[in-house]
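Report on the following structure.
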Amino acid sequence: MTITQIQVSRFSIISSKPFDAVVAKLRSAVGQPDMNEFFRTTRATNEFRDLERVVQSGLGRTGLMRFAEFDLGDILRRETGAATPRIMRFVIGNPLIMKEMVKHVPDAGSYAPVTILVDERPDGVHLSYDQMESYLLHYANAEALAVARDLDAKVTGLLRECAG
């Protein structure tokens, strides 16, 4: 058994925009494929170029897609009957980007797709993302790190856009 400690860097930005506006901006920037249909279609492909075409069709203008979203605040709101907290977790990524990282560092599959957390606090709407590069630094693989840096730039650019 091996236990490895990994130091993770978190990117956070605070927006003064309303929570719903930030979430709407995020949703509009990433592809929203029906994931059951997406996975059914990708499994039915026989050649990589066909798989690539299916993936490309599911991506939004940012080159990313939503795999899942969770309203984490819903359970808390139900417990208290209050209108807050408002907390959403978005699992986003791009299977082609994930493939490139996993090709060089199989453990990258533990960290991708990535999570964006959007939560409303008294000082504004926080958007947070644990940077992929920090997850992969330990593995010291230049190719995987280059892909991770590109992914981090995409995601942090998206969060800046949503916050702005």
Side-chain angles (χ1 to χ4, degrees), residues 6-39 41-43 45 48-72 86-121 124-164:
I6 298 172
Q7 185 173 355
V8 177
S9 299
R10 174 163 284 184
F11 174 90
S12 292
I13 190 166
I14 302 171
S15 176
S16 59
K17 289 182 177 180
F19 181 87
D20 290 332
V22 171
V23 168
K25 184 81 169 173
L26 178 61
R27 284 181 179 141
S28 73
V30 299
Q32 305 281 323
D34 173 306
M35 293 314 290
N36 289 327
E37 178 64 21
F38 176 80
F39 287 126
T41 305
T42 58
R43 281 191 298 273
T45 62
F48 179 73
R49 69 175 172 262
D50 296 329
L51 173 70
E52 195 171 32
R53 197 171 14 260
V54 172
V55 169
Q56 294 293 343
S57 72
L59 301 175
R61 65 175 172 74
T62 57
L64 301 167
M65 71 173 63
R66 178 197 55 137
F67 287 88
E69 69 179 63
F70 305 97
D71 186 345
L72 303 176
R86 298 180 72 189
I87 307 168
M88 296 288 297
R89 178 180 180 213
F90 294 87
V91 180
I92 67 165
N94 177 326
L96 302 173
I97 293 172
M98 290 185 287
K99 169 195 66 80
E100 287 303 308
M101 289 186 295
V102 170
K103 183 176 8 179
H104 302 290
V105 175
D107 284 355
S110 296
Y111 316 119
V114 302
T115 291
I116 294 174
L117 186 67
V118 181
D119 67 290
E120 189 174 49
R121 302 181 198 176
V125 176
H126 290 237
L127 296 99
S128 302
Y129 163 66
D130 295 340
Q131 294 184 298
M132 183 60 70
E133 180 183 16
S134 66
Y135 284 120
L136 300 187
L137 275 174
H138 166 77
Y139 302 96
N141 181 287
E143 292 89 350
L145 286 170
V147 175
R149 284 184 199 106
D150 288 344
L151 176 60
D152 288 343
K154 268 185 193 298
V155 175
T156 58
L158 169 61
L159 297 186
R160 284 185 179 97
E161 178 187 324
C162 293

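Just so it is clear, the model here is predicted, and its values are computed rather than measured. Just so it is clear, the values below take in all heavy atoms, side chains as well, and ignore hydrogens, waters and symmetry mates. When a residue number appears, it is its place in the shown sequence, counting from 1.
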Distance-only check: which donor-acceptor pairs under 3.5 Å involve side-chain atoms of residues 143-150, not counting sequence neighbours?
residue	atom	partner	partner atom	Å
Arg149	NE	Glu133	OE2	2.8
Arg149	NH2	Glu133	OE2	3.2

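Of all non-hydrogen atoms in Ser15 and Val22, the two that sit nearest each other are OG-CG2, 3.7 Å. When every heavy atom of Met101 is checked against every heavy atom of Ala112, the shortest pair comes out as CE-CB, 4.1 Å. The shortest heavy-atom contact between Asp34 and Asn36 is OD1-N, 3.0 Å. Nearest approach of Tyr111 to Leu136, heavy atoms of both residues: CD1-CD2, 4.0 Å. Nearest heavy atom pair, residue Lys17 against residue Gly164, reads CE-O, 2.8 Å. Across all non-hydrogen atoms, the minimal contact from Phe19 to Ile87 is CZ-N, 4.2 Å.
You'll find the side chain of Pro113 stays beyond 4.5 Å of the side chain of Met65, heavy atoms only.
Taken from OG in Ser134 to CZ in Arg10, the straight-line distance is 10.0 Å, to the nearest 0.5 Å. For the atom pair CG (Leu158) and NZ (Lys25), the distance works out to 9.5 Å, reported to the nearest 0.5 Å.
Salt-bridge annotation for Arg49 and Glu52: absent, with no side-chain N of the basic residue lying under 4.0 Å from a carboxylate O of the acidic one.
Ring orientation note: the planes of Phe67 and Phe38 are nearly perpendicular, at an angle over 60° on the 30°/60° scale.
Tested against Leu127, the residues Thr156, Ile14, Val118 include a single side-chain contact (heavy atoms from CB on, under 4.5 Å) partner, Val118.
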